[in-house]
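All residue numbers in this chain count up from 1 along the given sequence. Indexing begins at 1, ligand by ligand and atom by atom, following the structure's order.
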Amino acid sequence: MNMDALASAFRMDGVPVSCVPSGNGHINKTFTVTTASGHRYILQSINHYVFKDVDALMNNIIAVTAHLHIKNPGDPRRVLTLVPTLDGSYYTRTPEGDYFRMFEFVENSVCLEQASDENDFYQSAVAFGEFQNQLSDFPADTLVETIPHFHDTIDRYRQFKEALAADVKGRAQECLPEIEFVLAREEEAGQMVRMLQAGKLPLRVTHNDTKLNNVMLDADSRTPLCVIDLDTVMPGLAANDFGDSIRFGASTAAEDEIDLSRVCFSLPLYTAYTKGFLSACGKTLTRPEIDTLPLGAKLMTLECGVRFLTDYLGGDTYFSISREKHNLDRCRTQFKLVSEMEDKWDDMNRVIQEVYQEL
Ligand code: GN1
Ligand code: MG
């Protein structure tokens, strides 16, 4: 979007003078816009191949941020704030058919790709735990499922098998160990979905993409400001939100690290996250939800690896890539983490029970 188009689309404080790419998401494109008065904004194009109903998606975000703003009076940085368009809507569509929306920039904040210490990770857990807690009285049935079957591991396996059977790029041969890894875990992959179907786990309003880089911390105090990337806020399982954070943040390396010897599952980071998360929402979770937190970690990591592998087999059409085999590299880190979690399974369960008993 050029400056003129921007200026005539959103209700900004002053004329925009620059718009530069920022952020590291795999799905949407993000930019920082600065106006002549120095006011900063986040501009984002919404990937409408992934999010098919942009209207419904934006309505979810409007409703959820309104709810959170009521619960967080005072510092406006505590909740994402949408910037309206000149005609009073919350997104705009360019003549080329691209969708854009704008948020207030969260000033004096940091967004981490990796936890620099246990405290940063603990604080991100508090942020996601509070998010869970503050939305516990939000009417979940008013939210639209922005991506149906998003964390439906059974359906993820179905998609994987479809991509494997089609093998459109002839890549299956080079990932036989990974394929075997996936197939060997099919039965347990569906465990939580079946518990949900049997009514043993409750549906909650969840974030569904609880990566460390989806939390903003205050740059000075390193305490939580707000949770971002609200596109997948929809009904889901609390253990999946816990688990996706562990998948990304309790790893000692980046999600796309090539040297697998550097990718380890860190029990200290896992413990720090558990303490932060349960301090914020442990009392509102049911016993089966608490007991399935380690399973959430393992299954979210397995699912993400399966998704990366599916996309690799399908020709990299979903996740943005910046090098050849990027999705295969990502898949391999996830499976390394799953294996390590399997080795440390008893410890993972023990930590949950110990932290829970101390609440
Ligand atoms: C995607 O766009 P980003 O990077 O925040 C993906 C998540 C994955 C994640 C893996 C809508 O999130 O589900 O866990 O990549 N988001 C969507 O890094 O598919
Ligand atoms: Mg994100």
| query | Less than 3.5 Å between some nitrogen or oxygen of Arg307 and one of ligand 1, yes or no? | reply | yes
| Which atoms from ligand 1 have a heavy atom of Tyr318 less than 4.0 Å away? | 11 (C), 17 (C), 19 (O)
| message | Run the side-chain hydrogen bond (donor to acceptor under 3.5 Å, both in side chains) test on Asn59 and Tyr90 for me, step by step, so that the C-alpha distance in whole Å, both residues' side-chain angles and the decisive distance to 0.1 Å come before the verdict. | response | CA-CA 9 Å; Asn59 283 337; Tyr90 281 105; over 6 Å; no
| request: Please indicate whether any nitrogen or oxygen in Lys211 is less than 3.5 Å from any nitrogen or oxygen in ligand 1. | output: yes
| request: Please work out whether the ring planes of His39 and Tyr41 are parallel, tilted or perpendicular, with thresholds of 30° and 60°. | output: parallel
| Test log, rule ring-ring contact (aromatic ring centres under 6.0 Å, His included), inputs Phe242 and Tyr273 | CA-CA 8 Å; Phe242 173 85; Tyr273 194 91; 5.7 Å; yes
| Where does Ile27 meet ligand 1, judged by heavy-atom distances below 4.0 Å: at the side chain, the backbone, both, or neither? | both
| task | If you link ILVMFWY side chains whenever their heavy atoms are less than 4.5 Å apart, which other residues fall into the same cluster as Val126? By chain and number, please. | result | Tyr122
| request: Verify the distance criterion only: is there a donor paired with an acceptor across the side chains of His69 and Thr81 at less than 3.5 Å? | output: yes
| message | For a quick check under 3.5 Å, do Glu303 and Asn240 share a side-chain donor-acceptor pair by atom type? | response | no
| said: Considering both backbone and side-chain atoms of Asn208, is one of its nitrogen or oxygen atoms within less than 3.5 Å of a nitrogen or oxygen in ligand 1? | reply: no
| query | What atoms of ligand 1 come within less than 4.0 Å of a heavy atom belonging to Phe308? | reply | 10 (C)
| request: Would you mind listing which atoms of ligand 1 come within a distance below 4.0 Å of any non-hydrogen atom of Gly25? | output: 2 (O), 4 (O)
| query | Hey, quick one: are Val15 and Ile42 part of the same hydrophobic cluster, counting side-chain heavy atoms closer than 4.5 Å, chains of contacts allowed? | reply | no
| The one among Gln334, His151, His26, Glu255 that brings a heavy atom closest to atom 2 (O) of ligand 1 | His26
| field | For Glu118, salt bridge (Lys or Arg N to Asp or Glu O under 4.0 Å) partners two or more places apart | value | none
| message | Please confirm whether Phe248 approaches ligand 1 to less than 4.0 Å, judged on its heavy atoms. | response | no
| salt bridge (Lys or Arg N to Asp or Glu O under 4.0 Å) between Arg194 and Glu187: does it pass, once the steps are laid out? | CA-CA 11 Å; Arg194 285 192 294 272; Glu187 171 62 24; 3.4 Å; yes
| Geometric cation-pi criterion Arg171 and Tyr312, 6.0 Å radius, 45° cone | yes
| query | Looking only at distance, does Asn24 have an N or O less than 3.5 Å from an N or O of ligand 1? | reply | no
| request: With heavy atoms of Arg247 as the reference, note each atom of ligand 1 found under 4.0 Å away. | output: 10 (C), 14 (O), 18 (O)
| What part of Met300 sits under 4.0 Å from ligand 1 if we count only heavy atoms: the side chain, the backbone, both or neither? | neither
| Heavy-atom gap Arg330 to ligand 1 smaller than 4.0 Å | no
| note | For Phe51, the atoms of ligand 1 under 4.0 Å from one of its heavy atoms are 11 (C)
| task | Specify side chain, backbone, both or neither for Asp231, according to which of its non-hydrogen atoms lie closer than 4.0 Å to ligand 1. | result | neither
